[in-house]
Amino acid sequence: MNADPESKLFVYNSLSRKKESFEPFKPPHVGMYVCGPTVYGDAHLGHARPAITFDLLFRYLKHLGYKVRYVRNITDVGHLENDADEGEDKIAKKARVEELEPMEIVQYYTVRYHHNMDQLNVLRPSIEPHASGHIIEQIEMVKSILEKGFAYESQGSVYFDVEKYSKNHHYGVLSGRKLDELMSNTRELAGQTEKRNSADFAIWKKAEPAHIMRWPSPWSDGFPGWHMECSAMGCKYLGDQFDIHGGGMDLLFPHHESEIAQSTIANGKSPVRYWMHNNMITINGQKMGKSLGNALSLDDFFSGKHELLAQAYSPMTIRFFMLQAHYRSTLDFSNEALQAADKGLKRLMNATADAMQLKADSQAADQHVDAIRADAYQAMNDDLNSPMAIARLFDAVRIVNSVKEGHSNINPAELKLLQELLNVFVFEILGLQSEDSAQDDHLLDGLMETIIQLRQDARQRKDYATSDLIRDKLASLKIVLKDGKEGTGWERK
RNA sequence: GGUCUCGUGGCCGAGUGGUUAGGCAGCGGUCUGCAAAACCGUGUACAGCGGUUCGAAUCCGCUCGAGACCUCCA
């Protein structure tokens, strides 16, 4: 199935603050880099949003026929921690507390992150580089910036000279900031004295004695500045200039702004053509934060074991819920909203399965499936408007159900188009998958078949006491019987 | 305080100058022994105040409210 040739992909570029026609540097190849997790704790909702947003983009680009190299980093080297008494490597701190090797922590949470992403049906990136595995590249980049005169060493650390950079470049292109405002608005923080200017940022940081994770460098035993890893690894795997760089809006400044500055000096050109940023998530209208007690992990949602949650929400419910909002809008989580998404998802998935069973009628009138299809593609091409595309899929759902119920007919060509539309969008582009817990359990299937048959017999004898007893007992095991025209089905609640 | 974003019907959430978003809930109906499930039908909303316009949820201004960022946290 090919996309509507009439419409073309447009994406919102944070750099221009406009939707732009997507034109890769070297079609059909697309290079895409997305800021990945810091693996010092379990993945929470905030990790799911960019993962799902850029998974959608990855899937859609591939669907359009592009050959995509998708790089998403694992951040596992040291930076200072905000709420620590004195600066201390996040991973090192946790390691001391738990008496584990830092890389053991990294490994542990990386595996758990992967598991959560698999649950959400987020495709693995093409390359998933670790910052700790690219210390040499980062040091080389620091050297290059020093040689070009845009950084200076101070007490074993190396800082990027923002003021000098600003003479010929615009530090603030991405975030819309002005240097003089940055100078005057910066808070007073410890350690500022090493810097010539408060707007300067570290590209190499000398490690305090307490730091476990440290590497030798020409300047000190230490670790690279936060922004270095993305610049170095993006360049290594995607080149001096690549097509798309993604991440959360919270990373716009200073992280991505600084990446642009570093890479521009080191490589002589602005690194990225399209900067794309997903918006943030709120819970019950409130921002997510550890101090607010609402930083729910993905496992919390999947298990339902958190006081804010009325029930468990499956990975696909979370995924579908996120796709029902545009990626550049804030998204508010609440039990009510998630339950609504859960039901809507079931309706979509059921209809997608039912569509395969429909029978065509060559006499049937036009159902305008091609218009629905074109609108769905147009929505995706308009900066990945998945909520609009999903709305159109529900139009298709209405047709499926109406044919299924015998209220209308569909001709063979349209039925084929309808089946393709639902299959391609639901599974391939949106990345939804069936979560029917009954699948692949032959013993349970057999048992249920027997029980349902016994109840059916009782109902035919009008022995409703027995049939209702069976229904109630199963309900207490969280198994719901669904009586339909063509027999009784069941599902786990 | 500075920069920026947002405020849509009971809930979530698209739309961004003139035509139905969609989902969930509610209501009505079909089906059912009853119920559940499923399915069908159904709502004309756009923070407030002013302005521009033949016409504004959509543009402009102000007010109120919410959020993001403002560097050595990633």
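By convention in this document, chain letters (A, B, ...) are assigned in the order of the sequence lines, proteins followed by strands, and residues within each chain are numbered from 1.
Residue whose closest nucleotide on RNA chain B sits further toward the 5' end, between A:Ala341 and A:Arg17: A:Arg17. Toward the 5′ end of RNA chain B lies the nearest nucleotide of A:Ser329, the other residue of the pair A:Ile399 and A:Ser329 mapping further downstream.
Comparing the same atom, C1', in B:C24 and in B:G9 gives a spacing of 13 Å after rounding to whole Å. Taking the P atoms as reference points, B:G65 lies 43 Å from B:G41, given to the whole Å. Rounded to whole Å, the P atom of B:G50 lies 14 Å from the corresponding atom of B:A57. Nucleotides B:U58 and B:U53 place their P atoms 16 Å apart, quoted to the nearest Å. The same atom, P, is picked in B:C12 and in B:U3; the two are 30 Å apart, to the nearest Å. Taking atom P in both B:C70 and B:C27, one finds a spacing of 47 Å when rounded to whole Å. Taking atom P in both B:G15 and B:U8, one finds a spacing of 14 Å when rounded to whole Å. Here, B:G7 and B:C62 have their C1' atoms 16 Å apart, quoted to the whole Å.
What separates CZ of A:Arg177 from P of B:U71 is a distance of 9 Å, to the nearest Å. The interatomic distance linking A:Ile390 (CD1) with B:A21 (P) rounds to 18 Å, in whole Å. As rounded to whole Å, 16 Å separates atom P of B:G33 from atom CG of A:Asp457. In this structure, A:Met349 atom CE and B:G23 atom P are separated by 17 Å, rounded to whole Å. For the pair A:Lys473 NZ and B:A36 P, the interatomic distance rounds to 22 Å; values are reported in whole Å. The distance between atom CG of A:Leu477 and atom P of B:A36, rounded to the nearest whole Å, is 21 Å. Taking atom CZ on A:Arg461 and atom C1' on B:G33, their separation rounds to 14 Å, with Å as the unit. Rounded to an integer number of Å, the gap from CG of A:Asp375 to P of B:G15 is 14 Å.
Here A:Ala391 lies in heavy-atom contact (under 4.0 Å) with a base. Heavy atoms of A:Phe201 sit under 4.0 angstrom from at least one base atom. Residue A:Lys343 is in sugar-phosphate contact alone, with no base atom involved, counting any heavy-atom pair closer than 4.0 Å across all strands shown. A:Asn350 comes within 4.0 angstrom of no nucleic acid atom, judged by non-hydrogen atoms across all strands. Nucleic acid contact for A:Arg459: base, since at least one base atom lies under 4.0 Å from a heavy atom of the residue. A:Leu331 comes within contact range of the sugar-phosphate backbone alone, with a heavy-atom separation under 4.0 Å but no base atom that close. Using a 4.0 Å heavy-atom distance criterion, A:Phe333 is classed as making no nucleic acid contact. Contacts of A:Gln339 with the nucleic acid, taken as non-hydrogen atoms under 4.0 Å apart, are absent.
Comparing B:C70, B:A14, B:G23 by their nearest atom to the side chain of A:Arg398 picks out B:G23. Candidate nucleotides B:C39, B:G22, B:G23 were compared by shortest atom distance to the side chain of A:Glu405, and B:C39 ranks first. Of the candidate nucleotides B:G33, B:G15, B:C24, B:G33 has the atom nearest to the side chain of A:Asp468. Distance from the side chain of A:Arg455 is smallest to B:A35 among B:C39, B:G13, B:A35. Side-chain proximity of A:Phe321 to B:C12, B:C70, B:A14: nearest is B:C12.
You won't find any donor-acceptor pair under 3.5 Å spanning the side chain of A:Arg471 and the base of B:A36, going by distance alone. Between the side chain of A:Asp342 and the base of B:G23, no donor-acceptor pair of N or O atoms lies under 3.5 Å. Residue-to-nucleotide contacts include a donor-acceptor pair under 3.5 Å from the side chain of A:Asp483 to the base of B:A35. Donor-acceptor pairing under 3.5 Å, judged by distance alone, is present between the side chain of A:Ser467 and the base of B:G33.
Inspection of the A:Trp204 and A:Ser220 side chains reveals an N or O donor paired with an N or O acceptor under 3.5 Å. Using modelled atom types, one finds a donor on one side chain and an acceptor on the other under 3.5 Å when comparing A:His277 with A:His256.
A:Gln107 CD: 12 or fewer foreign heavy atoms inside a 6.0 Å radius.
Judged by a 6.0 Å distance limit and a 45° cone about the ring axis, A:Arg177 is not positioned over the six-membered ring of A:Tyr171. A cation-pi geometry, defined here as NZ or CZ lying under 6.0 Å from the six-membered ring centre and within 45° of its normal, holds between A:Lys164 and A:Phe150.
Ion pairing of A:Lys19 with A:Asp383 is absent here, as no side-chain N (NZ or NE/NH1/NH2) approaches a carboxylate O to less than 4.0 Å. A salt bridge links A:Arg392 with A:Asp395; the closest basic N to acidic carboxylate O contact falls under 4.0 Å. One finds a salt bridge joining A:Asp342 and A:Lys346 here, because a Lys/Arg side-chain nitrogen approaches an Asp/Glu carboxylate oxygen to under 4.0 Å. The pair A:Asp161-A:Arg196 counts as a salt bridge, with a side-chain nitrogen and a carboxylate oxygen less than 4.0 angstrom apart.
Stacking between A:Tyr464 and the base of B:G33 is present: ring centres sit under 5.5 Å apart and the planes differ by under 30 degrees.
Looking at A:Asn73, its side chain does come within 3.5 Å of a backbone N or O of A:Gly36 through a donor-acceptor pair.
A close approach under 4.0 Å does not occur between any side-chain nitrogen or oxygen of A:Arg392 and OP1 or OP2 of B:A21. Phosphate contact (OP1/OP2 of B:U5, side-chain N/O of A:Asn279, threshold under 4.0 Å): absent.
Both key distances under 3.5 Å define a Watson-Crick or G-U pair, and stretches of 3 or more such consecutive pairs in RNA chain B run B:1-7 with B:64-70, B:10-12 with B:22-24, B:26-30 with B:38-42, B:47-51 with B:59-63.
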